[in-house]
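These notes concern the structure reproduced below.
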Amino acid sequence: HRHTQTHTDTHRHTTMSDTVEAGSHHKTDVSAASEDKPNTLTEWSLLVLTTNEADEKARLTLEAFEWWKRTESRAEAADGDQAAQSRAPIGPVLQAPAYPSRPVAQRVVDPGSAPRRGKGGSPESRIRMLHALAHIETWAIDLSHDVLLRFRHLANPSLNRPGDLAAVESEGFPLAGDLAEYGEGLPREFFADWIRIAADEAKHYTMLSSRLRELGSSYGALPVHDGLWESAMVTSDRLEHRLAIEHMVHEGRGLDVLPATVRRFRGGGDARSAELLLEIHDDEITHVASGLRWFTHLCVQRGCSSTAESAQHQGPEDDDTKAPKKEKQKVDPVAFFHQVVRSKFNGYLKPPFNKEARDKALMSDEWYLPLVKPKSAPVSATRD
């Protein structure tokens with residue numbers, strides 16, 4: 001078991017020397033606002049991932065999103081070739097940190113040793129619940145940027161600019177998945193979607209941390225665990241796996257537990273926190289929808305199916321010495337999702353499900369009901 005610890009430069013903490021080795025050109029302390037702002041999306045993501053403090057991660061993420069929108073707006077106002085050249089550059093392929101920089105004084109414990117949240121009946125319980133949610137949002141910020149960085153090489157080649165592949169070609173670091181498997185690759189819309197999601201998570205963290213201060217506490221006041229990042233590393237091999245587990249399973253679960261959480265805050269007399277959670281919930285529906293959309297897109301690009309290609313002989317009249325012919329499998333994103341969850345997620349999906357929210361995210365019950373433990377009733381949860 002891992003003992004209680006703090007994030008320091010000697011324990012699972014990404015230092016600037018690590019960043020330089022990973023292909024970054026940043027030379028200043030990234031925990032402080034830099035005068036030389038990044039001018040590509042992946043460099044913004046690397047800056048956030050190598051920033052320690054949560055408030056600064058959130059601030060930089062919101063600044064990156066404003067940079068993206070501002071640059072894209074200028075391009076839309078331009079004409080012809082100038083418009084194409086003015087688009088916000090995706091940026092170079094850089095190695096994602098093995099572990100993001102985290103708050104130095106943060107107390108990290110094993111999941112079983114983290115403070116029990118309670119049921120929201122006391123101010124202390126509600127603070128624990130808000131602190132846990134704020135912590136989840138800090139990891140959601142990092143995970144969004146990790147997607148932008150770790151899977152950048154899967155972009156459609158038309159998005160590349162001179163020098164974008166220089167780091168990977170010179171350093172030869174491993175890549176998660178092969179672009180050749182994905183047809184045309186990821187379009188610009190994917191990257192636009194994910195910087196928007198990162199900005200949503202930064203906004204959510206800012207709202208929750210502000211609410212904690214209003215209640216006399218602050219983010220970092222309580223021990224936390226890093227189970228969300230550890231589960232994400234299980235899906236670092238393929239983008240489809242990351243989308244399935246982090247955005248369709250974990251964020252889908254977030255939609256499911258919202259009704260009970262809101263009732264607890266309202267029952268404890270904290271209507272203000274309940275309203276914040278409902279605002280966050282509406283954004284999270286779009287995140288689940290994006291996970292499902294791009295998971296399906298990648299499945300279509302790859303021709304994924306729930307089983308590997310099977311080798312079949314053409315017929316009994318064929319010579320036994322002839323090579324077997326591969327039978328083309330039907331593209332089935334739902335069946336492939338089930339396969340990914342069963343191999344990458346520990347356990348079953350748990351009802352009750354927030355069917356109203358999942359339907360808004362276009363996640364029909366065929367996606368999740370087959371993943372419920374047998375004999376477990378698929379009760380629906382509804383939003384108050």
Side-chain angles (χ1 to χ4, degrees), residues 4-20 22 24-38 41-68 94 96-109 114-115 127-149 194-195 197-230 232 276 280:
T4 301
Q5 63 206 27
T6 59
H7 284 300
T8 66
D9 286 341
T10 58
H11 183 84
R12 303 180 72 182
H13 175 74
T14 307
T15 65
M16 282 311 299
S17 60
D18 296 328
T19 304
V20 171
S24 170
H25 65 269
H26 298 294
K27 299 179 181 178
T28 57
D29 180 2
V30 294
S31 296
S34 172
E35 294 181 0
D36 299 324
K37 297 297 182 183
L41 187 58
T42 54
E43 289 172 308
W44 273 111
S45 290
L46 185 61
L47 178 60
V48 173
L49 288 168
T50 52
T51 293
N52 290 329
E53 298 306 319
D55 287 354
E56 186 68 0
K57 281 181 184 287
R59 188 192 70 78
L60 287 170
T61 297
L62 293 171
E63 187 175 351
F65 186 45
E66 289 303 315
W67 163 82
W68 175 272
L94 301 172
Y99 195 86
S101 295
R102 301 292 295 174
V104 174
Q106 194 168 66
R107 291 174 290 164
V108 182
V109 299
I127 285 174
R128 288 194 294 271
M129 293 170 73
L130 290 171
H131 191 279
L133 292 171
H135 183 62
I136 290 171
E137 297 295 351
T138 68
W139 275 122
I141 294 170
D142 278 338
L143 285 169
S144 298
H145 287 289
D146 183 77
V147 164
L148 288 168
L149 206 56
W194 239 257
I195 188 60
I197 289 173
D200 282 349
E201 310 296 15
K203 179 185 72 173
H204 300 165
Y205 164 76
T206 302
M207 293 164 58
L208 291 166
S209 62
S210 176
R211 183 60 181 152
L212 282 169
R213 288 192 293 271
E214 291 172 359
L215 295 174
S217 187
S218 62
Y219 177 64
L222 299 173
V224 295
H225 69 80
D226 288 349
L228 189 59
W229 176 261
E230 291 166 0
L276 288 179
I280 291 171

Minimum heavy-atom distance [X]-[Y], with the two atoms named:
{"X": "R107", "Y": "G220", "answer": "NH2-O, 4.4 Å"}
{"X": "H145", "Y": "S45", "answer": "ND1-OG, 3.0 Å"}
{"X": "K57", "Y": "P100", "answer": "NZ-CB, 4.4 Å"}
{"X": "S144", "Y": "E201", "answer": "OG-CG, 4.0 Å"}
{"X": "W194", "Y": "L148", "answer": "CB-CD2, 3.6 Å"}
{"X": "L62", "Y": "A199", "answer": "CD2-O, 3.5 Å"}

What's the spacing between [X] [atom1] and [Y] [atom2] if we round to 0.5 Å?
{"X": "L276", "Y": "R211", "atom1": "CG", "atom2": "CZ", "result": "7.0 Å"}
{"X": "E137", "Y": "D200", "atom1": "CD", "atom2": "CG", "result": "9.0 Å"}
{"X": "I141", "Y": "D146", "atom1": "CD1", "atom2": "CG", "result": "13.5 Å"}
{"X": "L212", "Y": "S218", "atom1": "CG", "atom2": "OG", "result": "7.5 Å"}
{"X": "T61", "Y": "E56", "atom1": "OG1", "atom2": "CD", "result": "9.5 Å"}
{"X": "Y219", "Y": "L208", "atom1": "OH", "atom2": "CG", "result": "11.0 Å"}

Given side chains that start at C-beta, do those of [X] and [Y] come closer than 4.5 Å, heavy atoms only?
{"X": "L149", "Y": "P97", "answer": "yes"}
{"X": "L228", "Y": "H135", "answer": "no"}
{"X": "D142", "Y": "L49", "answer": "yes"}
{"X": "D55", "Y": "R59", "answer": "no"}

Q. So, T51 side chain and L47 main chain: donor-acceptor pair closer than 3.5 Å or not?
A. yes
Q.
Angle between ring planes, W229 versus Y99, binned at 30° and 60°: parallel, tilted or perpendicular?
A. perpendicular
Q: Test side chain to side chain contact (heavy atoms under 4.5 Å, CB included) on L60 and K37 and set out the steps.
A: CA-CA 10 Å; L60 287 170; K37 297 297 182 183; 4.3 Å; yes
